[in-house]
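Since the structure comes first, as structure tokens, the remarks are kept for the end.
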Amino acid sequence: MRWSQTLIPTMKEIPSDAEVPSHQLMLRAGLIRQLMAGAYTYLPLGYRALRKAEAIVRHEMDQAGAVELFMPALQPIDLFEKTGRKSAFGNVLINFTVQRGDRKVHLALGPTHEEVVTDLMSRLISSYRQLPITVYQIQTKFRNEERPRFGVLRTSEFLMKDAYSFASSLEQLDTAYQKMYNAYVRIFARCGLPVLPVEAESGPIGGDASHEFMIPAANGEDSVVRSTTGAYAANLERAETGRKAPTIETAANAAAMQKVLTPNATSIEAVAKFLKVSPTQLVKTLIYKADDKTVAVLIRGDHEANENKIRRALKAKTVALADTAAIEAVTGAPTGFAGPVGIKCEIIADHDVPLITNAVTGANEADHHLTGVNVGRDYQLATTYDLRNAQAGDPCPRSDGTLEIVHGIEVGHVFKLGTKYSVSLGAEFADEKEQRHPIIMGCYGIGVNRIIAGLAETSHDENGLIWPLSIAPYEVLVIPLNVTEASTMEVAEKFYAEFQAAGLDVLMDDRDARPGFKFKDADLIGIPLRVIIGGKGLKEGQVEVKWRTGTENVKVPVGDAIQTVIQMIAERKASDAAKVPQ
RNA sequence: CGGGAUGUAGCUCAGCUUGGCUAGAGCGCCUGGUUUGGGACCAGGAAGUCGCAGGUUCGAAUCCUGUCAUCCCGACCA
């Protein structure tokens, strides 16, 4: 492609609306333009990169034995009503009614395709002999994000590769899951993305039933916990603290319990400040409604409760903070003064709570707290649980390392669904004894746009983008320094034609602009290999070749240059491919 | 949905506090010329419903009210 004949609107200045690096660079390099919050046009350069990512995803899905199909984005709302996800998605699900003749039809724009694919397979699968099978598509998804942000990282319309596996046994599901997991590792490696697979909230099957693939990045929306030894990585929602259940006994130096006046001190900070003690000395007593039961959850003052962990510890379906009436019913006091001593409900505690000697807790009485509270003497615990979010410095649950917290961009997710959708949509198969069972499913998503945005976010320098060869919109950029010089253009045109003939993706900057201007744009759009033709070099019979990441220009005789460039690209491809795990 | 900020030319911004003639600059764009190895220079030129609506006023980019949009923080995120 000739630069003058395509549309690459580079910008010298940073658009004021863009804050994160990927957004700034993708705008400046002419990859995207915004239509509205959360909706972006992919300009020619951006679309080429997106399609390259798409091609890698498609190739690896095919290699993993998944079969491609294409489902409608437009979906009937009743499928979502059957699975309960109309209310689960709430406002995120874009849905509306349209008039068809004399009736109204209620439609949704697919935020994902579990319903559609399960409905489809329920009609197509009848026997265990047809299983297992994995299908996938690459398609635009729609979600009415409450707050689209970070440019292209979080949008209301995005390209997703979604795959769904259908199995007749847990063993088949495990195999399908592992194939997808391995394919994901290869996909991100081929895209040049340093992803971290982390354990994620896993839903009904439990165990290692869900992994997210995270790009470590300062602007990532997810918090990821990882061990310094590399033995463990998990989403903060999921991460174990690595703490063990302590022996529950009253400390030898337990002080007497005292009731103290703490007017209007209802928060941990206020109480700590008022009594001049560290928040680590306090016990937070959170009153939860677990299904229909009211429960007091004890967490150390400086820790954050994790509702998923609480729900699992209580074996409840749902947990939510209790309302004021329920709190007053068990504490006999207004909100903010709950404590374990004398409370009228079940108590569960985090591992770190009984370790606090002479704790400060609420007194279950307005404007009062207790000091010198000790487990075993003042309140009783049978056991303790992991109920809080992990923190930096916690021990690693799998090794002798410690945990640290990093931010990450979620670019992929693999998930063992189980039978949630097949049960609600009646997708069943008959086994060899003609017994009917719900099909066991898995789902596997990749945000294709996030591959591009993630690269822009993490692979750049002060001059612009740095694309890996596999995703770069063009592999080679030919720069004739002066397009008004016939001798320069003769060489440039020959190179351009020969590179194309050799199957390289080549862009030629044929604009009548000064060299410095072209170099700045070249750095900005980040094409991996640059061939510079003109000036003194050409008089000496040489052209210059430079990697975007390199510091040195390599001078090559004009006659050898075509072969040299073709070879450099081939070698880089080979060395990139060698880094991809089998 | 709660909090904060911003809307003036394609982009970055000034002008607004204290209302006053034809609304400015840099970059970009067009024409001509000189230039040509890290975002050139000279001369000329085009381009703006000052987000939108209403109000106050002799007079509004500027003051008031409403509204829309965008960005950031938080809540939310199968």
Side-chain angles (χ1 to χ4, degrees), chain A residues 7 9-20 23-24 27-28 30 33-40 79-80 83-93 108 110-118 141-151 153-156 158 160 162 164 200-204 210 212 219 221-223 235 237 307 321 410 413 415 417-418 420-421 424 441 443-445 447 462-464 479-485 488 509 511-525 530 532-540 542-544 546 551 553 555:
Chain A
L7 191 58
T10 57
M11 283 190 280
K12 197 169 167 179
E13 290 181 281
I14 301 169
S16 57
D17 280 348
E19 195 134 320
V20 298
H23 192 195
Q24 295 180 346
L27 284 167
R28 287 188 56 213
R33 281 297 183 271
Q34 184 182 53
L35 175 65
M36 57 180 180
Y40 287 83
L79 280 181
F80 289 90
T83 59
R85 287 214 299 177
K86 181 171 188 291
S87 58
F89 270 118
N91 202 30
V92 171
L93 183 69
T112 173
H113 277 67
E114 279 84 0
E115 280 81 0
V116 174
V117 77
T118 308
K141 298 288 186 278
F142 299 87
R143 296 182 191 183
N144 182 40
E145 292 294 345
E146 294 292 325
R147 189 181 153 213
R149 63 183 131 174
F150 303 145
L153 280 172
R154 188 173 195 78
T155 53
S156 349
F158 56 96
M160 184 187 212
D162 48 326
Y164 306 91
E201 272 304 321
S202 55
S210 173
E212 290 167 339
N219 288 305
E221 287 189 274
D222 289 273
S223 290
N235 195 307
E237 295 168 359
E307 291 192 1
L321 281 170
E410 182 188 347
H413 195 169
F415 198 96
L417 280 174
K420 176 181 172 189
Y421 295 94
S424 54
M441 292 173 56
C443 67
Y444 317 92
E462 67 278 11
N463 294 315
I479 306 181
L481 287 183
N482 187 342
V483 298
T484 62
E485 273 176 16
T488 299
D509 190 349
R511 294 174 300 174
D512 184 7
R514 293 165 61 87
F517 186 89
K518 292 190 177 189
F519 291 146
K520 287 288 185 190
D521 263 358
D523 285 341
L524 183 57
I525 69 172
R530 184 181 306 178
I532 303 158
I533 302 162
K536 289 177 201 156
L538 203 57
K539 290 198 185 89
E540 296 164 8
Q542 293 182 321
V543 296
E544 289 156 55
K546 179 177 178 294
T551 48
N553 289 13
K555 295 196 171 173

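Chain letters run A, B, ... following the sequence lines, proteins first, then strands; residues in each count from 1.
- If you measure from atom CD of E485(A) to atom P of U36(B), you get 10 Å, rounded to the nearest angstrom.
- Within the shown strands, C73(B) is the pairing partner of G2(B) under the Watson-Crick or G-U definition, both distances less than 3.5 Å.
- Taking each heavy atom of G534(A) and T488(A) in turn, the nearest pair found is CA-OG1, 4.0 Å.
- A9(B) and U49(B) are spaced 13 Å apart, taking the C1' atom of each and rounding to whole Å.
- Heavy atoms of L93(A) sit nowhere under 4.0 angstrom from any nucleic acid atom.
- No donor-acceptor contact under 3.5 Å links the side chain of N482(A) to the base of G37(B).
- We find that CG of D509(A) is positioned 14 Å from C1' of U36(B), with the value rounded to whole Å.
- Residues E13(A) and E221(A) each lie close to RNA chain B; by heavy-atom proximity, the contact nearer the 5' end of the strand is made by E13(A).
- E145(A) places no side-chain N or O within donor-acceptor distance of the main-chain N or O of V92(A), the cut-off being under 3.5 Å.
- Pairing of G48(B), defined by two Watson-Crick or G-U wobble distances under 3.5 Å, is not identified with any nucleotide.
- Of the listed nucleotides (U36(B), G39(B), U12(B)), U36(B) has the atom at the smallest distance from the side chain of P515(A).
- OP1 or OP2 of C11(B) has not a single side-chain nitrogen or oxygen of S16(A) nearer than 4.0 Å.
- When distances run from any side-chain atom of T484(A) to the nucleotides C71(B), U36(B), C27(B), the shortest one goes to U36(B).
- Of the C1' atoms belonging to U18(B) and U57(B), the separation is 16 Å, rounded to the nearest Å.
- At the heavy-atom level, A37(A) lies under 4.0 Å from the strands shown only through sugar-phosphate atoms.
- Rounding to the nearest 0.5 angstrom, the gap separating the CZ atom in R514(A) from the NZ atom in K520(A) is 13.5 Å.
- Looking at every heavy atom in both residues, T83(A) comes nearest to Y421(A) through CG2-CD2, 3.7 Å.
- Separation of the P atoms belonging to U62(B) and C16(B) is 13 Å when rounded to the nearest angstrom.
- Among the protein residues, N91(A) comes within range of no part of the nucleic acid, since none of its heavy atoms lies under 4.0 Å from any strand.
- Residue-to-nucleotide contacts include no donor-acceptor pair under 3.5 Å from the side chain of R147(A) to the base of A75(B).
- No contact: E410(A) has no heavy atom under 4.0 Å from any strand.
- Between G7(B) and U12(B), the two P atoms lie 11 Å apart (nearest whole Å).
- Atom name C1', nucleotides G4(B) and A78(B): the rounded distance is 31 Å, in whole Å.
- Rounded to a whole Å, the CZ atom of F150(A) is 15 Å from the C1' atom of U70(B).
- Residues L153(A) and E221(A) are not in side-chain contact: their nearest non-hydrogen atoms beyond the backbone lie 4.5 Å or more apart.
- Residue contacts for R33(A): at a heavy-atom cut-off of 4.0 Å it reaches no nucleic acid atom on any strand shown.
- Base pairing of A9(B) is not made with any nucleotide, judged by Watson-Crick or G-U wobble geometry with both donor-acceptor distances under 3.5 Å.
- The phosphate of U70(B) has neither OP1 nor OP2 within less than 4.0 Å of any side-chain N or O from R149(A).
- Residue G90(A) is out of contact with every strand shown, counting any heavy-atom pair closer than 4.0 Å.
- Applying the 4.0 Å criterion to OP1 and OP2 of A69(B), one finds that Q34(A) has every side-chain N and O outside that range.
- Only the P atoms considered, A61(B) is 12 Å distant from A53(B), to the nearest whole Å.
- Side-chain N or O atoms of R28(A) include one that pairs as donor or acceptor with a backbone N or O of M11(A) at under 3.5 Å.
- Between N219(A) atom CG and C73(B) atom C1' the separation is 13 Å, expressed in whole Å.
- Side-chain contact, E146(A) with N91(A): a donor N or O sits under 3.5 Å from an acceptor N or O.
- Here the C1' atom of nucleotide C72(B) and the CD atom of E19(A) are 6 Å apart, to the nearest Å.
- Rounding to whole angstrom units, CG of residue D512(A) and P of G39(B) are separated by 17 Å.
- Judged by distance alone with a 3.5 Å cut-off, no donor-acceptor contact links the side chain of E146(A) to the base of G2(B).
- Here the separation of G48(B) from G28(B), taken at their C1' atoms, is 15 Å to the nearest Å.
- With the nearest nucleotide of RNA chain B identified for both R143(A) and R511(A), R511(A) has the one nearer the 5' end.
- Taking atom P on both A47(B) and G10(B), the two are 12 Å apart, rounded to the nearest angstrom.
- Here A78(B) presents its C1' atom at 12 Å from CE of M441(A), a figure rounded to the nearest Å.
- Across all strands shown, nothing is found opposite G19(B) as a Watson-Crick or G-U wobble partner with both distances under 3.5 Å.
- Side-chain atoms of R85(A) lie closest to A78(B) of the nucleotides G38(B), A78(B), G37(B).
- Partner assigned to C41(B) is G33(B), using Watson-Crick or G-U wobble distances below 3.5 angstrom.
- Computed from coordinates, the M36(A) CE to G51(B) C1' distance equals 18 Å when rounded to whole Å.
- The phosphate of A40(B) has OP1 or OP2 within less than 4.0 Å of a side-chain N or O from R514(A).
- In this structure, V483(A) and D509(A) approach most closely via the heavy-atom pair CG1-O, 4.5 Å.
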